[in-house]
Amino acid sequence: MPEFSICIPAYKSRFLAECIASILRQSYVDFEVIVLNDCSPEPVEEIVRSFSDTRIRYYENESNVGPLRLTDNWNRCVALAEGAYVVIMGDDDRLERDYLEEFMTLMTHYPGLDVYHCRSLIIDDSGDAIRLTPAGPSFERVCDHIWHRLNQWRSQYISDFVYRREALSREGGCYALPLAWGSDDITAYKACAGKGMAHTNRPVFNYRHHNLSITSTGNDLEKMRANVLYAVWLRGFLADHIPHEAEEVVYRNLLEQQDRLMQQRKQFTMALSMRRHRARRFWMWYKHRKEFGLRLHDIILAAVKAQGLAKRM
């Protein structure tokens, strides 16, 4: 049985060869690669077959799952995996050569956890570095992680996490939300709820930011519906969670401020959508304000934030 299963739910082919090559170049070699073709019209199979490495296993869905139910692909990959630990890769992202080696070091320092995390380097279409995600502590408990994430002091992606496969399967796999918008968050929260999470500040994962990524496209209304479901999950989790003594203060803050924090998340989602076609999107959010519990103040504030995001992103 391999130590790691690196899973690629694949649909786009543009950067797939680069993605696979970055995995096969790992300095730590005890891994398998699972590629799951989501009925892509692009030459996904041809690209995969161009690699002769026996560690690659190729599968195809019978029908297209699509972005709305993206976590279905993530969870099928987890079910196919045989490794002790699972990584879920975007088909346009890449790993630094020592990604797995760095995680092995992290596991040596913090043995027995169910989730480990690394800092990420954001790259553009050409593979050039744009920015780094914020640094994190070497170890933290779940309430600290939620607090920093919902205050937007952290950035993370599904592929900068490594999960113990048995623990992930026991929790029912990755948490399903429309477009997987927040699924990486809640999956991590659930995985570290009991034992906490270890983090390395070495940016060994490369996230490719471009106009076709989930964070840049997709149905804006579905993203907001995901936010509503995210808030429902958070309320239920906090009601049931028994905090460790080291997180009691943060836990109380989360209980008191969860509505404000989730409203901020809604504002951020609107701001992302209003980076382009601001007037049209503003009107769309105004029409749907009651469905999502939005105030006119929220929409105006998001429109202002959108200007800054458009320049930065």
Side-chain angles (χ1 to χ4, degrees), residues 2-10 15-35 51 53 55-56 74 77-78 81 83-140 145 148-149 153-165 167-168 174 183-185 187-188 191-192 196-210 213-215:
E3 190 72 17
F4 293 94
S5 294
I6 305 177
C7 307
I8 311 173
F15 298 106
L16 181 58
E18 183 181 356
C19 173
I20 295 173
S22 77
I23 298 169
L24 298 179
R25 284 196 298 264
Q26 290 298 296
S27 56
Y28 185 86
V29 299
D30 187 12
F31 63 86
E32 64 175 356
V33 182
I34 296 173
V35 181
F51 293 92
D53 199 300
R55 292 172 295 182
I56 298 175
W74 294 359
C77 283
V78 173
Y85 297 94
V86 174
V87 180
I88 299 172
M89 280 286 292
D91 58 12
D92 46 8
D93 301 327
R94 68 189 187 193
L95 304 182
E96 296 290 342
R97 187 173 184 273
D98 58 344
Y99 176 95
L100 294 180
E101 187 176 349
E102 180 66 17
F103 274 99
M104 286 297 293
T105 301
L106 192 61
M107 292 169 186
T108 300
H109 291 154
Y110 295 94
L113 302 183
D114 293 331
V115 57
Y116 299 87
H117 183 251
C118 72
R119 198 176 187 183
S120 296
L121 179 71
I122 314 301
I123 60 175
D124 61 16
D125 279 5
S126 301
D128 296 326
I130 302 174
R131 62 184 181 275
L132 285 168
T133 56
S138 58
F139 176 83
E140 68 180 346
H145 186 59
H148 285 84
R149 181 71 178 129
W153 298 329
R154 299 272 175 81
S155 296
Q156 61 193 39
Y157 310 97
I158 189 63
S159 308
D160 48 29
F161 286 97
V162 171
Y163 291 98
R164 190 183 300 274
R165 178 172 58 87
L168 192 59
C174 300
S183 292
D184 51 342
D185 285 6
T187 300
C192 73
M197 174 196 305
H199 173 90
T200 174
N201 282 318
R202 293 200 62 248
V204 288
F205 170 67
N206 295 176
Y207 175 80
R208 195 180 304 270
H209 177 83
H210 55 81
S213 60
I214 285 286
T215 49

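We count residues from 1, following the sequence as given.
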### Message
Taking the side chain as everything from C-beta on, heavy atoms only, tell me whether Y99 gets closer than 4.5 Å to V87.
### Response
yes
### Query
Are C118 and E102 close enough, and set up right, to give a side-chain contact (heavy atoms from CB on, under 4.5 Å), and what steps lead you there?
CA-CA 9 Å; C118 72; E102 180 66 17; 5.9 Å; no
### Task
To the nearest 0.5 Å, tell me how far S27 OG sits from M104 CE.
11.0 Å
### Task
List the atom of V86, the atom of A81, and the distance in Å for their closest heavy-atom pair.
CG2-CB, 4.1 Å
### Query
Closest approach of L113 and M197, non-hydrogen atoms and distance?
CD1-C, 4.0 Å
## Note on the structure
Distance col, row E18:CD vs D93:CG, nearest 0.5 angstrom, shows 9.5 Å
### Query
Which atom pair, heavy atoms only, marks the closest approach of S183 to W74?
CB-CZ3, 3.9 Å
### Message
Are the side chains of P203 and T133 in contact, using a 4.5 Å heavy-atom criterion?
### Response
no
#### Entry: Residue pair F4 / V162, side-chain heavy-atom distance below 4.5 Å
yes
### Query
Taking the six-membered ring where the residue is Trp, are the ring centres of F103 and Y116 under 6.0 Å apart?
no
### Task
Nearest 0.5 Å please: distance from the CD1 atom of I23 over to the CD atom of E32.
11.5 Å
### Heavy-atom closest contact (F51 atom, A17 atom, distance)
CZ-O, 3.5 Å
### Task
Compare all side-chain heavy atoms of Y163 with those of C174 and state whether any distance is below 4.5 angstrom.
no
### Query
According to the interplanar angle, ranging from 0 to 90°, do the rings of Y157 and F205 count as parallel (below 30°), tilted (30 to 60°) or perpendicular (above 60°)?
tilted
### Task
Could you please spell out the steps behind the side-chain contact (heavy atoms from CB on, under 4.5 Å) verdict for D92 and D125?
CA-CA 9 Å; D92 46 8; D125 279 5; over 6 Å; no
### Message
Can you confirm whether V204 sits close enough to E101 that some side-chain heavy atom of one is under 4.5 Å from a side-chain heavy atom of the other?
### Response
no
### Task
Apply side-chain contact (heavy atoms from CB on, under 4.5 Å) to L16 and I8, showing your working.
CA-CA 9 Å; L16 181 58; I8 311 173; 4.1 Å; yes
### Shortest non-hydrogen contact from D30 toward P2
OD1-CA, 3.4 Å
### CZ-CG distance between R202 and L121, expressed to the nearest 0.5 angstrom
11.5 Å
### Message
Can you classify the ring geometry of H117 versus F161 as parallel (below 30°), tilted (30 to 60°) or perpendicular (above 60°)?
### Response
tilted
### Message
Counting C-beta onward and ignoring hydrogens, is there a side-chain heavy-atom pair between N206 and E96 closer than 4.5 Å?
### Response
yes
### Between OH on residue Y207 and CD on residue Q156, distance to nearest 0.5 Å
12.5 Å
### Message
Looking at S5, is its backbone amide N or carbonyl O close enough to the side chain of R165 to form a donor-acceptor pair, meaning the two atoms are under 3.5 Å apart?
### Response
no
#### Entry: Approximate separation, where rounding is to 0.5 Å, of L132 CG and I122 CD1
8.0 Å
### Message
side-chain contact (heavy atoms from CB on, under 4.5 Å), that's the test. Do E3 and F31 meet it? Break it down for me.
### Response
CA-CA 6 Å; E3 190 72 17; F31 63 86; over 6 Å; no
### Task
Decide, yes or no, whether a salt bridge links D185 with R149 under the criterion of side-chain N to carboxylate O below 4.0 Å.
yes
### Task
State which residues pass side-chain hydrogen bond (donor to acceptor under 3.5 Å, both in side chains) with S155; sequence neighbours excluded, sorted by chain then number.
none
### Task
Over all heavy atoms of both residues, which pair between G90 and C19 is shortest? Give the atoms and the distance, please.
O-SG, 3.5 Å
### Query
Any side-chain heavy-atom pair from H199 and H145 closer than 4.5 angstrom?
no
### Query
How about D53 and V33: do any of their side-chain heavy atoms sit closer than 4.5 Å?
no
### Query
Does any N or O in the side chain of D114 come within less than 3.5 Å of the main-chain N or O of C192, such that one atom is a donor and the other an acceptor?
no
